[in-house]
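See below for the structure under consideration.
This structure is a prediction, so every number in the text was calculated from the model and none was measured. Residue numbers begin at 1 in each chain, while the letters A, B, ... track the order of the sequences.
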Amino acid sequence: MPQLLKPNELSDSYYLDNFNCLIDFVFAHYETLLCDEEKHFYAQFTKLPENAQRLFIRLLSRNGDYARTTKLNYSEIPDLKKALEKLTASGFITPAHIDQIADWQSLFTRKELSGTLALPSSQIASLNPQAVATLLTTSDLFGTSPLDSLLESEHIVQINFQECYTIFRLLFFGNLHQDLSTFVLRDLGVRKFESYLTDTDNLPFQCRKQIDAHLLYYRCVDGYEFAEDTGAASLIELHAQLPEKSKSDTTLNRKIDRFTNRIARQLERENHLQDAVRIYRSNIQPPARERIARIEATIGNESAAFELCQQIEKNPADAEEKEFSQEFAARLAKRVGIDYYRPEKNKPAEIQLELPNSNLPVEFIAALHFAKSGKCFYVENSLVTGIFGLAIWDIIFAPIPGAFYHPFQSAPADFYESDFYHARESLFKQRFIDFKKGCLSKVVLTHFHNKSGIRNPLVQWPYLNRYLITLALKKIPLTDWLKLFEYLLKDIRHHRSGLPDLINFPDTGRYSLLEVKGPGDRLQKNQLRWMQFFKDSNIDHAVVNVAYLDEATSRDSETETLLTEHSIHFE
DNA sequence: ACAAGAGATACAGAC
DNA sequence: GTTGGGTGGG
DNA sequence: GTCTGTATCTCTCCCACCCAAC
Ligand SMILES: [Mn+2]
Ligand SMILES: [Mn+2]
């Protein structure tokens with residue numbers, strides 16, 4: 001009998017349904033890539049009675065490999081004992097072998113442990129897991145250990161098949177950071193996703209080797225913290241364990257490269273420069289080459305550093321890397337006393353303001369100042385990026401092969417890839433023609449209305465409202481929008497950030513983009529690049545330097561009124 | 001959109 | 001006694 | 001007294017609870 005549900009209400013079998021949805025999808029589309037144990041896991045799970053299924057899912061979504069059965073209490077699982085028996089009989093859980101339990105502190109409270117060990121709880125806190133285990137399992141003259149009393153009325157079970165579930169999650173989501181809560185958040189209406197069709201003919205995993213590589217990568221990431229604490233040798237070993245980069249899996253390659261950079265950077269901090277350089281060299285992702293150049297310069301290898309800078313300049317991975325290579329080369333040349341061309345520095349226009357410190361974020365202080373003679377909004381990336389996202393909404397979610405492979409994506413799989421545009425070129429070309437015919441406002445406002453709250457990699461809904469959008473579309477000329485869009489499209493990954501804090505629409509007309517800087521703050525590289533773009537595109541812009549007239553005071557009533565008028569709310 | 005970018009803030013060292 | 005971080009849950 | 005590099009902090013639904021600390 002189907003339940004009648006209010007829009008944001010969960011059915012009483014929600015997590016069972018969600019889990020089934022996940023594993024059924026994986027089994028249906030990836031059966032040939034599953035190993036015997038995984039297939040066994042799936043087959044056995046589907047044979048379990050519903051109550052046992054429920055309990056197992058509950059156990060899987062807890063932390064840790066073990067659970068105390070006395071701590072389990074679920075109103076939707078009436079016969080816990082029977083469910084536990086079923087799970088034990090089918091091998092989904094097993095009574096724990098106490099000598100395999102390494103971490104007793106996460107299973108029992110300090111108080112419980114200090115009681116049985118007859119030690120002050122402060123001392124328990126300072127013991128390492130190994131020590132606790134030893135104390136607990138050491139028998140006295142009568143052959144009894146503290147553990148015996150602790151476990152008198154306890155059953156600890158080991159939760160099995162966690163690895164299988166991990167694989168299923170990986171295959172379903174394509175990553176390990178999403179889990180069953182993703183379903184819940186969608187069904188509660190917290191996160192809305194576009195309702196595209198998933199392309200089951202072009203799923204991301206093609207062979208078992210690829211799956212294992214992903215899994216290994218995640219294992220290495222898990223091991224990072226320990227390796228960092230253990231020292232350089234562990235970090236080097238960790239790097240050696242990383243999966244080989246594959247020919248086709250650019251997503252995984254990118255992850256490996258980022259992680260590699262993280263390892264090498266830590267080696268730098270620990271002063272293992274040779275190893276850091278060696279590891280950076282295996283890597284294309286910025287800032288690997290930059291780091292190598294810096295290290296070479298530090299250890300007195302200026303010529304090697306200089307040469308690398310020239311290589312980078314010839315073939316930069318992105319604007320940031322290119323700028324680095326030019327500036328650093330010039331710096332090196334100067335240091336060695338060689339004459340060398342230095343790119344002229346862009347100094348954006350500046351506005352100096354002296355304002356009372358009303359104890360608000362400096363962006364609001366500045367915005368309220370400009371609001372006295374116009375309309376001013378604190379938008380950062382959200383306006384330009386958001387308008388663009390609304391303007392090309394249907395292109396972002398167009399059914400390109402392989403773009404969508406599960407229902408919880410906020411972007412197509414290739415959104416940040418350099419060929420995102422080319423895979424949709426005809427759609428974009430047509431859309432830009434339409435814009436030139438004057439349909440920009442209509443497309444944007446239609447999507448703003450129809451897609452409200454739905455996730456889109458370019459749209460941050462909380463910052464957008466109809467008034468702001470309408471005003472921006474009216475005050476910013478189409479030619480400027482087209483230039484902005486074109487610039488965004490050149491490198492979406494990097495160009496979606498660094499936009500100025502404020503957009504100002506003075507009463508006298510026009511508009512300008514303002515980056516606010518309080519005392520001690522300075523322009524970031526990407527912010528400066530946007531300023532350069534505005535200059536090249538003839539778009540009003542400035543850096544607003546705010547100095548405070550006084551110490552921070554509490555907000556006066558005048559400020560409160562302004563805040564209310566601008567729908568700004570704090571604490 | 002893979003414990004991340006995305007921005008602000010703090011401080012040290014170079015010059 | 002209070003808080004605040006961690007965790008589980010819808 | 002600037003300019004640079006680097007490290008560090010804050011934040012992702014939101015609520016109830018439990019436990020460990022200041
Ligand atoms: Mn900002
Ligand atoms: Mn700012």
Side-chain angles (χ1 to χ4, degrees), chain A residues 8-12 14-15 18 57-64 67 71-76 105-106 108-114 121-122 124-125 169-170 173-192 214 217-218 221-222 224-225 228 251-252 254-259 262 265-266 268-269 287 290-291 294 297-298 324 327-328 331 334-335 345 361-363 378 380-382 385 406 408-417 453 455-458 460 462 492-494 496-501 515-527:
Chain A
N8 292 340
E9 208 173 316
L10 300 180
S11 84
D12 57 20
Y14 74 92
Y15 62 85
N18 297 340
I57 298 164
R58 287 292 199 189
L59 291 172
L60 273 185
S61 51
R62 287 175 163 231
N63 279 343
K71 296 288 174 188
L72 303 174
N73 176 25
Y74 299 107
S75 61
E76 80 280 7
Q105 279 130 315
S106 62
F108 292 90
T109 66
R110 293 251 194 295
K111 216 166 127 193
E112 288 168 326
L113 290 173
S114 83
S121 103
S122 58
I124 303 284
R169 266 169 56 218
L170 177 64
F173 290 114
N175 60 60
L176 285 184
H177 66 100
Q178 288 180 291
D179 55 30
L180 285 180
S181 73
T182 307
F183 288 81
V184 176
L185 292 180
R186 175 197 59 182
D187 295 339
L188 288 174
V190 174
R191 277 182 202 157
K192 296 190 199 170
H214 277 251
Y217 160 78
Y218 280 106
V221 170
D222 279 344
Y224 178 80
E225 207 172 333
E228 187 183 307
T251 315
L252 181 61
R254 190 187 148 78
K255 291 184 198 178
I256 293 172
D257 281 347
R258 311 236 89 190
F259 185 59
R262 196 166 140 209
R265 191 71 185 82
Q266 183 59 26
E268 275 190 72
R269 292 190 190 97
E290 171 180 337
R291 296 312 313 170
R294 287 189 189 283
T298 310
F324 162 79
E327 281 162 26
F328 201 65
R331 193 173 300 266
K334 193 180 163 193
R335 197 203 288 186
K345 255 195 201 160
V362 66
E363 293 85 356
Y378 178 22
E380 277 183 343
N381 305 314
S382 61
T385 252
H406 69 81
F408 307 97
Q409 294 174 233
S410 51
D414 62 341
F415 185 72
Y416 297 103
E417 303 292 321
R455 290 174 83 94
N456 175 310
L458 296 174
Q460 299 167 265
I492 299 188
R493 170 171 253 130
H494 300 288
R496 57 203 273 273
S497 61
L499 279 133
D501 294 315
E515 171 55 41
V516 181
K517 289 297 169 199
D521 197 4
R522 67 177 114 124
L523 272 185
Q524 299 175 51
K525 297 265 177 75
N526 56 352
Q527 294 175 330

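Side-chain proximity of A:Ala413 to the nucleotides D:dC19, B:dA1, D:dC13 is greatest for B:dA1. In this structure, of C:dG9, B:dG7, D:dA20, it is B:dG7 that holds the atom nearest to the side chain of A:Ser497. Taking only side-chain atoms of A:Arg269, from C-beta outward, the nucleotide of C:dT7, D:dA7, D:dG5 with the closest atom is D:dA7. Listed nucleotides: B:dG5, B:dA4, D:dC3. Nearest to the side chain of A:Tyr217: B:dA4. Of the candidates B:dA8, D:dC13, D:dT6, the closest approach to any side-chain atom of A:Glu380 belongs to B:dA8. Nearest to the side-chain atoms of A:Asn63 among the listed nucleotides C:dG8, B:dA8, D:dA20 stands C:dG8. Distance from the side chain of A:Arg254 is smallest to B:dG5 among B:dG5, D:dG5, D:dC19. Candidate nucleotides D:dT4, D:dG5, B:dG7 were compared by shortest atom distance to the side chain of A:Arg331, and D:dT4 ranks first. Looking at the side chain of A:Asn381, the nearest of the listed nucleotides C:dG8, B:dA6, B:dA8 is B:dA6. Closest to the A:Arg522 side chain, of the nucleotides D:dC13, B:dA1, D:dT4, is D:dT4.
Looking at heavy-atom distances under 4.0 Å, A:Arg291 makes contact with sugar-phosphate atoms alone, never a base. Within 4.0 Å (heavy atoms only), A:Gln527 reaches sugar-phosphate atoms of the nucleic acid but no base atom. Residue A:Arg493 is classed as having no contact, given no heavy-atom separation below 4.0 Å to the nucleic acid. At a threshold of 4.0 angstrom between heavy atoms, the contacts of A:Thr251 include nucleobase atoms, whether or not backbone atoms are also involved. No engagement by A:Phe324 is indicated, since no non-hydrogen atom pair under 4.0 Å with the nucleic acid exists. A:Lys192 comes within contact range of no nucleotide atom at all, as no heavy-atom separation falls under 4.0 Å. Note on A:Gly518: nothing from the nucleic acid sits closer than 4.0 angstrom, heavy atoms only. Nucleic acid contact for A:Tyr218: base, since at least one base atom lies under 4.0 Å from a heavy atom of the residue. Using a 4.0 Å heavy-atom criterion, one finds that A:Arg58 contacts the sugar-phosphate atoms exclusively. If you check every strand for non-hydrogen atoms under 4.0 Å, A:Glu515 touches sugar and phosphate atoms only. Nucleic acid contact for A:Lys517: sugar-phosphate only, since backbone atoms but no base atoms lie under 4.0 Å from a heavy atom of the residue.
In this structure, CG of A:Leu185 is placed 16 Å from C1' of B:dA1, rounded to the nearest angstrom. Atom C1' of nucleotide B:dA4 and atom NE2 of A:His177 are separated by 10 Å, given to the nearest angstrom. Atoms OH (A:Tyr378) and C1' (B:dA6) sit 11 Å apart, rounded to a whole Å. Atom CZ in A:Arg265 sits about 13 Å away from atom C1' in D:dT8, given to the nearest Å.
Because its glycosidic torsion is more than 90° from 0, B:dA8 is reported here as anti. Glycosidic conformation of D:dT6 is anti; the angle lies outside 90° of 0.
The separation of D:dG5 from C:dG9, taken at their P atoms, amounts to 49 Å, rounded to a whole angstrom.
A donor-acceptor pair is defined here as one N or O able to donate and one able to accept, closer than 3.5 Å; such a pair exists between the side chain of A:Arg169 and the backbone of A:Leu176. At distances below 3.5 Å, not a single donor-acceptor pair connects side-chain atoms of A:Thr385 with backbone N or O atoms of A:Ser382. A donor-acceptor pair under 3.5 Å is absent between the side-chain atoms of A:Asn18 and the main chain of A:Phe183, judged by distance alone.
The two residues A:Asp187 and A:Leu10 have their closest heavy-atom pair at CB-CD2, 3.5 Å.
Between A:Asn175 and A:Asp521, the residue whose closest nucleotide on DNA chain B is further toward the 5' end is A:Asn175. Judged by closest nucleotide on DNA chain B, A:Gln409 is the one of A:Gln409 and A:Glu363 placed further toward the 5' end.
In A:Asp222, the CG atom is crowded: over 12 heavy atoms of neighbouring residues, nucleotides or ligands sit closer than 6.0 Å.
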Inset, instruction - Treat a base pair as Watson-Crick or G-U wobble with both distances under 3.5 Å, then lay out DNA chain D in dot-bracket form, 5' to 3', with | for cross-strand pairs. - result: ||||||||||..||||.||||.

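Between A:Lys525 and B:dG7 there is no side-chain N or O to OP1 or OP2 distance below 4.0 Å.
Between A:Phe173 and A:Phe408, the ring planes are tilted. Angles from 30° to 60° get that label.
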